[in-house]
Amino acid sequence: MAEVSLSGISKSFGNDVALDDVTMTIPDGSFVVLLGPTGAGKTTTLRMVSGLDLPDAGQISIGGRDMTGLTPTQRDVAMVFQQYSLYPHLSVRQNLEFPLKSPVLQTPADEINRKVGEVAEILQISHKLDNKATALSGGEMQRVSIGRALVRDPSVYLMDEPLSSLDAKLRSDLRIELKNIQANSGATLLYVTHDQIEAMTMATHVGVLDHGKLVQFGTPREIYENPVSVYAASRLGQPRINVLPADLFAGAPSNAATIGLRPEHIVQGDGADSLVQRVEHLGDQTRLHLVFKDHDLITVTDAHTDLKGGDIVKIRPQNPYYFDAAGARVS
Ligand SMILES: Nc1ncnc2c1ncn2[C@@H]1O[C@H](COP(=O)(O)OP(=O)(O)OP(=O)(O)O)[C@@H](O)[C@H]1O
Ligand SMILES: [Mg+2]
């Protein structure tokens with residue numbers, strides 16, 4: 001497997017700047033998750049690494065080798081696309097075999113069978129191997145397209161929201177399987193998701209993209225606990241970080257415009273009065289929706305709380321983040 005390095009990558013489509021001078025090193029054997037809202041440049045980044053699209057400026061190297069001018073096949077990457085693309089006239093088995101049957105690889109037949117069987121089992125799709133690719137549910141098609149990447153043993157896996165159309169149970173099963181595959185094989189993965197839990201649990205590193213710029217790169221914990229901006233802080237955490245005017249609570253630095261409070265950074269029981277609007281029991285978590293000086297806040301509380309709508313609860317911030325008017329972190 002291999003380290004992937006992007007150096008000064010820019011890409012525009014007409015007047016749309018999709019990537020703006022992105023420099024990032026994806027360490028060998030790491031699981032890097034790209035985060036950012038729609039249009040941030042996540043898919044474009046994967047396409048640049050794969051060689052499906054070429055950057056306007058910058059270099060990409062894989063395993064220390066400059067990839068400029070090399071085709072996707074020569075780059076030895078396996079990509080799972082955001083929109084799954086199967087060969088509709090082929091069966092599931094034939095779709096899974098396809099990457100191994102390339103003349104370049106020359107994989108022996110029993111090895112192909114073993115690999116296809118193993119991957120089908122991991123993806124819980126063994127019972128559909130003889131179905132036509134079109135005779136599948138959306139989630140099954142998505143698993144077959146993941147399978148087509150997993151049967152191979154590429155330098156780098158590129159995956160664009162591969163679990164997005166699966167139900168919660170399958171999603172959490174496959175999250176664990178993908179993480180295991182990566183951990184056991186030492187594969188390098190560049191992975192796009194909007195799912196908080198996927199990002200927090202699978203990533204060794206997270207890259208935060210904002211309008212084509214890489215604004216922060218670090219471990220999920222670093223991004224969560226030490227975000228460089230209100231934008232980066234808002235990418236991780238469920239419920240989301242609360243962002244309020246800084247002067248709502250005492251103690252803000254003079255250059256702070258807003259205070260960022262993660263739900264767990266709101267202490268209940270002392271401080272100033274707030275109104276309980278709603279209590280949400282989610283099973284593993286109980287969320288408290290509060291109104292504080294005309295601002296909505298979300299925090300978490302004890303699962304056995306007897307608080308209810310209309311109650312008054314005292315709150316105070318603990319370990320808040322402060323941000324300036326432009327959204328940058330201030331200390
Ligand atoms: N082939 C293309 N032609 C024109 N514009 C494009 C093309 N591909 C991407 N863009 C533009 O580049 C920007 C980044 O797009 P990209 O697909 O990388 O976003 P994304 O982060 O993957 O978003 P999403 O979460 O919606 O998939 C967007 O403004 C998009 O409209
Ligand atoms: Mg995309």
Side-chain angles (χ1 to χ4, degrees), residues 4-26 30-60 62 67 71-72 75 77-86 138-139 141-146 148-149 156-166 171 174-175 178 188-203 205-218 220 223 227-238 240 327:
V4 180
S5 133
L6 287 77
S7 166
I9 296 294
S10 293
K11 177 73 179 177
S12 294
F13 296 99
N15 290 328
D16 256 342
V17 179
L19 291 178
D20 186 0
D21 197 15
V22 170
T23 295
M24 165 167 67
T25 299
I26 297 154
S30 63
F31 196 128
V32 173
V33 166
L34 293 177
L35 291 180
T38 181
K42 305 179 298 294
T43 298
T44 306
T45 306
L46 296 192
R47 290 178 64 86
M48 297 290 126
V49 175
S50 71
L52 289 166
D53 250 332
L54 298 178
D56 301 330
Q59 265 97 46
I60 290 168
I62 300 179
M67 291 288 123
T71 64
R75 291 181 188 208
V77 297
M79 181 145 170
V80 179
F81 293 92
Q82 196 167 1
Q83 285 88 13
Y84 32 78
S85 50
L86 303 179
M141 288 190 205
Q142 198 174 19
R143 279 177 279 158
V144 178
S145 53
I146 298 170
R148 286 204 313 195
V156 184
Y157 290 106
L158 305 168
M159 299 194 182
D160 203 346
E161 302 192 46
L163 307 183
S164 61
S165 71
L166 306 180
R171 212 173 159 137
L174 290 192
R175 199 165 71 218
L178 280 181
T188 306
L189 253 110
L190 183 56
Y191 189 100
V192 173
T193 182
H194 282 103
D195 185 305
Q196 303 283 321
I197 301 177
E198 282 181 32
M200 289 302 284
T201 59
M202 299 202 292
H205 305 73
V206 169
V208 179
L209 283 169
D210 181 6
H211 291 93
K213 281 195 161 65
L214 184 73
V215 293
Q216 191 167 9
F217 187 85
I223 311 266
V228 296
S229 64
V230 70
Y231 180 88
S234 303
R235 303 271 72 85
L236 284 179
Q238 196 69 36
R240 266 165 77 111

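Read the numbers this way: they start at 1 and go in the same order the structure lists the ligands and their atoms. The structure presented is a predicted model; accordingly, all values stated were derived computationally and were not measured. Side-chain atoms are counted along with the backbone in the values below, which use heavy atoms only and exclude waters and symmetry mates.
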When you measure from the side chain of D195 to the backbone N and O of I197, does any donor-acceptor pair fall under 3.5 Å?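 Yes.
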
Between the side chain of S229 and the main-chain N/O of A232, is any donor-acceptor distance below 3.5 Å?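 It does hold such a pair.
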
Starting from [atom], find the nearest protein heavy-atom neighbour and note its residue, name and distance.
atom                    : value
atom 23 (O) of ligand 1 : G39 N, 2.9 Å
atom 17 (O) of ligand 1 : T43 CB, 3.7 Å
atom 6 (C) of ligand 1  : F13 CD1, 3.2 Å
atom 18 (O) of ligand 1 : T44 OG1, 2.5 Å
atom 12 (O) of ligand 1 : A18 CB, 3.3 Å
atom 26 (O) of ligand 1 : T38 OG1, 2.5 Å
atom 29 (O) of ligand 1 : D16 OD2, 3.8 Å
atom 27 (O) of ligand 1 : Q82 NE2, 2.9 Å

N, O or S atom of T38 closer to the Mg ion (ligand 2) than 2.8 Å: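 No, T38 does not qualify, because none of its backbone or side-chain N, O or S atoms lies under 2.8 Å.
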
Examine all N, O or S atoms of Q82, backbone included, and report whether one is under 2.8 Å from the Mg ion (ligand 2).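 Given the 2.8 Å cut-off, Q82 counts as a ligand of the Mg ion (ligand 2).
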
Of all the atoms in ligand 1, which lie at a distance below 4.0 Å from a heavy atom belonging to H194?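 Those qualifying, in numeric order: 25 (O).
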
Where ligand 1 meets A40 - atom numbers and elements under 4.0 angstrom, heavy-atom basis: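 Heavy-atom distances to A40 below 4.0 Å select 19 (O), 21 (O).
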
Can you tell me how far the [atom1] atom of [X] sits from the [atom2] atom of [Y], to the nearest 0.5 Å?
X    : Y   : atom1 : atom2 : result
D53  : T45 : CG    : OG1   : 11.0 Å
L52  : T71 : CG    : OG1   : 10.0 Å
I26  : L6  : CD1   : CG    : 5.5 Å
L236 : L35 : CG    : CG    : 5.5 Å
R75  : M67 : CZ    : CE    : 7.0 Å
R47  : K42 : CZ    : NZ    : 14.5 Å

Salt bridge present between R171 and E198 (N-O < 4.0 angstrom):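 E198 and R171: salt-bridged.
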
Return yes when G36 approaches ligand 1 closer than 4.0 angstrom through a heavy atom, no otherwise.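 False for this residue.
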
